[in-house]
Amino acid sequence: MTATAAGMLIGASSDFLKRFSPFNRMEPHALDFLAERAVLAFHARGSEILTPEMGQPRHFHIVQRGKVQARQFGPATVTDYTTMTLGPGECFPIGAISAQRPSTNSYVAVEDSFIYQLPAEDFLKLMQMSSVFHLFCTQYIASLLNQSRQQLQTSFAQRAAEQQTMTTPLGELVKKEAIFVTPGTSIRAALEKMSEMRLGCMVIVDAEQRPVGILTQSDLLSRIVLPAIDLQRPVSEVMTRDPHRMPASASAYDAALEMATHGVRHLLVTDSDDRLKGVVSERDLFSLQRISLRQVRAGIEGAEDVEGLQRASRDIRQLALNLIAQGVGAEQLTQFISALNDALTRRIIDLAAARHDIHGIDYAWLAFGSEGRHEQTLSSDQDNGVIFVSPPDADREALRKRLLAFAKEVNENLAACGFPLCKGNIMASNPELCLTFEEWRGRFGDWIREPDPQALLNASIFFDYRVLCGNERLGDQLRTWLNNTARANTAFLRMMAVNALQVAPPLGRIRDFVLDDDGTIDLKKCGARLFVDVARILALRTGVASSSTVQRLRQAGAKMGMQAEEIAALIDGFHFIQLLRLRSQHLETEHDSPGDNRINPDELNELDRRILKEAFRQARKLQLRLKLDYQL
């Protein structure tokens with residue numbers, strides 16, 4: 001009878017654990033080991049479960065019922081959160097028990113709670129016994145994110161099953177042995193080989209088989225036929241030098257992004273010694289997808305009117321859905337969207353430029369905000385401007401007038417293609433945002449010298465810029481001046497820090513999340529923006545030129561001596577929030593609908609809820625660092 005009761009308890013424990021990650025993926029014998037040794041303990045509301053004073057933890061805890069609040073012990077540091085609430089399925093203290101040191105947190109039951117206790121020595125045995133559990137403990141956030149991605153792929157299983165994965169390494173896509181010629185080969189011989197082998201391009205390599213050039217079919221007319229070049233001349237005279245290449249370990253979507261960014265149709269695949277391994281074409285890559293990037297790019301490049309570009313814009317959204325279904329991460333996904341939207345915008349600019357009298361004007365089209373950071377989602381509106389040069393003998397206002405007429409058409413056509421007009425009129429057709437280099441410098445200088453609330457809001461938008469089209473040198477010069485000026489003004493940076501701390505991550509002391517009145521959370525305002533704002537300040541302070549939030553965190557974090565694991569966790573948190581935004585925008589709402597950035601946490605699965613909590617905790621860590629740095 002006793003044995004039966006014990007067996008029932010073990011079975012109940014096992015059933016409970018199987019509801020939560022990572023226990024639901026744990027090897028059966030490891031789960032049995034855990035269920036047999038874990039003992040259920042009761043902790044009354046307000047009682048201490050574990051504190052630093054108790055020394056090295058004797059147990060690993062898993063919440064079965066109730067709520068536990070973790071509170072950081074002693075002075076605040078940048079390595080932990082101040083408080084957090086743990087619910088059923090969550091466990092502690094992973095770091096302390098793994099390192100066999102006292103906990104840095106105190107854990108108090110804030111409700112009457114039942115908690116499983118596993119002896120510390122059994123915890124360490126479990127880590128050795130189960131690779132799943134070991135990975136969970138050592139790569140906490142990354143592990144959760146991978147699980148979430150796998151769940152998402154499962155939910156798209158039928159759609160994804162019709163496609164191969166874009167995560168395939170390029171080396172696996174190379175099916176044929178590399179074919180090449182040397183630079184001294186005659187053009188005739190190279191062309192004969194292309195014809196014989198039925199190749200769309202010929203790679204030219206040096207004596208060590210490292211690529212030095214490429215000749216494609218599209219080069220033949222302009223470089224060989226029309227100039228009537230002597231076919232006995234060496235192929236090196238007509239090849240494109242320094243061709244685009246990627247390592248065999250790169251993925252198909254890395255290659256697709258490279259093609260989308262640079263508008264090329266062939267990529268050379270190289271081994272670890274940079275020797276030619278083969279060639280991957282657009283056809284190879286895009287046969288992996290139902291809607292191909294080639295189709296989208298061809299639609300953009302071949303469009304002669306707004307209607308053609310509208311079709312391309314719809315294809316971009318559909319392509320993004322396919323990539324989500326394949327489990328492509330938020331960073332690559334937003335880069336894809338940005339690269340294709342860049343191509344679309346440049347085509348719109350080209351078409352408008354041909355109809356307006358702006359020939360001879362030295363200008364650059366600037367992208368601000370999320371577009372400036374390469375972080376466009378599927379619901380980004382327009383934020384753009386123009387910087388131009390007014391020669392001393394020119395009529396500056398006349399130049400501006402010509403540019404404004406051109407910019408108005410670009411803004412309207414962008415709106416027709418799904419990029420809503422900015423409600424705040426942050427658009428190039430606004431005379432206040434069509435400025436000379438000196439005028440932009442004066443505008444930025446005013447905001448830095450007198451950082452009132454409006455100036456700080458402007459800085460949060462306009463400081464994240466990049467040149468999308470035109471003279472990039474104008475943007476680079478402005479960036480150098482801006483970084484130097486902002487970096488030298490510590491009062492301005494401090495005010496930006498104060499501003500960045502106005503919104504806290506929506507984590508509750510008792511409940512998991514702090515919700516708005518409608519029961520949702522705005523992932524842009526209360527999630528992604530928290531990372532973006534702090535990353536901008538860190539970049540200005542350390543002189544990082546990139547406008548990308550992730551690159552700012554990586555580069556500025558390294559300069560400030562942050563641990564690589566800490567930076568990676570911050571970036572994982574940011575990416576997960578971005579991925580949730582993309583999923584919500586694409587699957588559940590129409591473009592630019594009011595709920596685009598809102599999610600109801602209760603509608604998330606348990607795994608995603610946990611990761612979202614962890615992502616918000618990372619945002620809180622980042623804010624805490626800022627708070628300490630500026631003594632706020």
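As a basis for the values below, the full set of heavy atoms in this structure was taken, side chains included, without hydrogen atoms, waters or symmetry mates.
- The distance from atom NE2 of H575 to atom CG of L570, rounded to the nearest 0.5 Å, is 11.5 Å.
- Heavy atoms only, all atoms of each residue included: R37 and P119 are closest at O-CD, 4.0 Å.
- Contact between P601 and G519 at its shortest, heavy atoms only, is CD-O, 4.0 Å.
- Q69 and S106 are not linked by any side-chain donor-acceptor pair at a separation below 3.5 angstrom, with hydrogens and angles left out of the test.
- Heavy atoms only, all atoms of each residue included: Q382 and F419 are closest at NE2-O, 3.0 Å.
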Going through the checks in order, is the ring pair (Phe, Tyr, Trp, His ring centres under 6.0 Å) test met by Y116 and F16?
-> CA-CA 11 Å; Y116 284 112; F16 168 78; 5.8 Å; yes

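- Using a distance-only test at 3.5 Å, with no hydrogens or angles considered, no donor-acceptor pair links the side chain of S130 to the main chain of M127.
- To the nearest 0.5 Å, atoms CG (D315) and OG (S313) are separated by 8.5 Å.
- Side-chain contact check for T51 versus S103: every heavy-atom pair is 4.5 Å or farther apart.
- A heavy-atom distance below 4.5 Å is found between the side chains of F616 and I577.
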Stepwise side-chain contact (heavy atoms from CB on, under 4.5 Å) test for F23 and K18 = CA-CA 6 Å; F23 313 112; K18 285 177 182 175; over 6 Å; no

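- Residue pairs meeting the salt bridge (charged side-chain N to carboxylate O under 4.0 Å, His left out) criterion with at least one partner in residues 528-550, sequence neighbours excluded, are D464-R536, R529-D533, D533-R536, R541-D629.
- Between the side chain of D254 and the main chain of A250, no donor-acceptor pair closer than 3.5 Å is present.
- With sequence neighbours left out, A459 forms a side chain to side chain contact (heavy atoms under 4.5 Å, CB included) with F463, F492, M496.
- Checking side-chain atoms of Q117 against main-chain N and O of I62 turns up no donor-acceptor pair under 3.5 Å.
- Side-chain contact check for L530 versus V503: some heavy-atom pair is nearer than 4.5 Å.
- Residue pairs satisfying the ring pair (Phe, Tyr, Trp, His ring centres under 6.0 Å) criterion with at least one member in residues 530-569, sequence neighbours excluded, are listed as follows: F531-F574.
- Between R466 and D342, at least one side-chain N (NZ, or NE/NH1/NH2) sits under 4.0 Å from a carboxylate O, which counts as a salt bridge.
- Each of Q618, R625, K621 was evaluated against E566; a single residue qualifies, R625, per the side-chain contact (heavy atoms from CB on, under 4.5 Å) test.
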Working for side-chain contact (heavy atoms from CB on, under 4.5 Å), residues L523 and L612 = CA-CA 10 Å; L523 289 176; L612 184 59; 4.1 Å; yes

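- The backbone N or O of S21 lies less than 3.5 Å from a partner atom in the side chain of R610, making a donor-acceptor pair.
- Nearest approach of P506 to I521, heavy atoms of both residues: CG-CG2, 3.9 Å.
- Checked by atom type and distance alone, the side chain of Q623 pairs as donor or acceptor with a backbone atom of A500 at under 3.5 Å.
- For the residue pair A486 and L540, the shortest heavy atom distance occurs at CB-CD2, 3.9 Å.
- For the pair H43 and F114, the minimum side-chain heavy-atom distance is 4.5 Å or more.
- At least one side-chain heavy atom of L31 sits less than 4.5 Å from a side-chain heavy atom of S14.
- Between the CZ atom of R617 and the CZ atom of R620 there is a distance of 7.5 Å, given to the nearest 0.5 Å.
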Give the intermediate values and the outcome of side chain to side chain donor-acceptor pair (under 3.5 Å) for residues T520 and D518.
-> CA-CA 6 Å; T520 67; D518 62 357; 2.7 Å; yes

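- Ring geometry for Y107 versus F92: interplanar angle under 30°, hence parallel rather than tilted (30 to 60°).
- In terms of heavy-atom proximity, P52 sits nearest to P102 at O-CB, 3.9 Å.
- Side chain of T345 to main chain of N341: a donor-acceptor pair is present (N/O by atom type, distance under 3.5 Å, no hydrogens or angles).
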Show your working on side chain to side chain donor-acceptor pair (under 3.5 Å) between S13 and E36 and close with a plain yes or no.
-> CA-CA 8 Å; S13 300; E36 288 168 7; over 6 Å; no

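- Judged purely by atom type and a 3.5 angstrom limit, N597 has no side-chain atom pairing as donor or acceptor with the backbone of D522.
- A 4.5 Å side-chain heavy-atom check between L622 and L553 finds at least one atom pair inside the cut-off.
- In summary, the aromatic rings of F133 and F33 are positioned with their centroids too far apart to meet the 6.0 Å limit.
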Please lay out, stage by stage, how E111 and S113 fare under the test side chain to side chain donor-acceptor pair (under 3.5 Å).
-> CA-CA 6 Å; E111 295 178 0; S113 301; 5.6 Å; no

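- Side-chain contact check for R494 versus L632: some heavy-atom pair is nearer than 4.5 Å.
- Rounded to the nearest 0.5 angstrom, R552 CZ and L538 CG are separated by 9.5 Å.
- Distance alone, capped at 3.5 Å, is enough to place a donor-acceptor pair between the Q502 side chain and the V498 backbone.
- Heavy atoms of other residues, nucleotides or ligands lying less than 6.0 angstrom from CD of Q56 number more than 12.
- Going from atom OG of S548 over to atom NE2 of H374 covers 7.0 Å, rounded to the nearest 0.5 Å.
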For side-chain contact (heavy atoms from CB on, under 4.5 Å), just list the numbers for D383 and E371, CA-CA rounded to whole Å, side-chain angles, deciding distance to a tenth of an Å, and then say yes or no.
-> CA-CA 7 Å; D383 286 321; E371 189 179 10; 5.9 Å; no

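- Atom CD of E27 sits in a crowded spot, with more than 12 heavy atoms from other residues, nucleotides or ligands closer than 6.0 Å.
- Of the N and O atoms on the side chains of E375 and T549, at least one donor lies less than 3.5 Å from an acceptor on the other residue.
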Please lay out, stage by stage, how I571 and I567 fare under the test side-chain contact (heavy atoms from CB on, under 4.5 Å).
-> CA-CA 6 Å; I571 292 171; I567 297 171; 3.8 Å; yes

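- Within the 3.5 Å criterion, the main-chain N or O of G87 finds a donor-acceptor partner in the side chain of E90.
- The CG atom of L414 sits 6.5 Å away from the CG atom of N384 when rounded to the nearest 0.5 Å.
- The backbone N or O of A556 sits nowhere less than 3.5 Å from a side-chain atom of T542 that would complete a donor-acceptor pair.
- R58 is not listed as a side-chain neighbour of I97, based on a closest heavy-atom distance of 4.5 Å or more.
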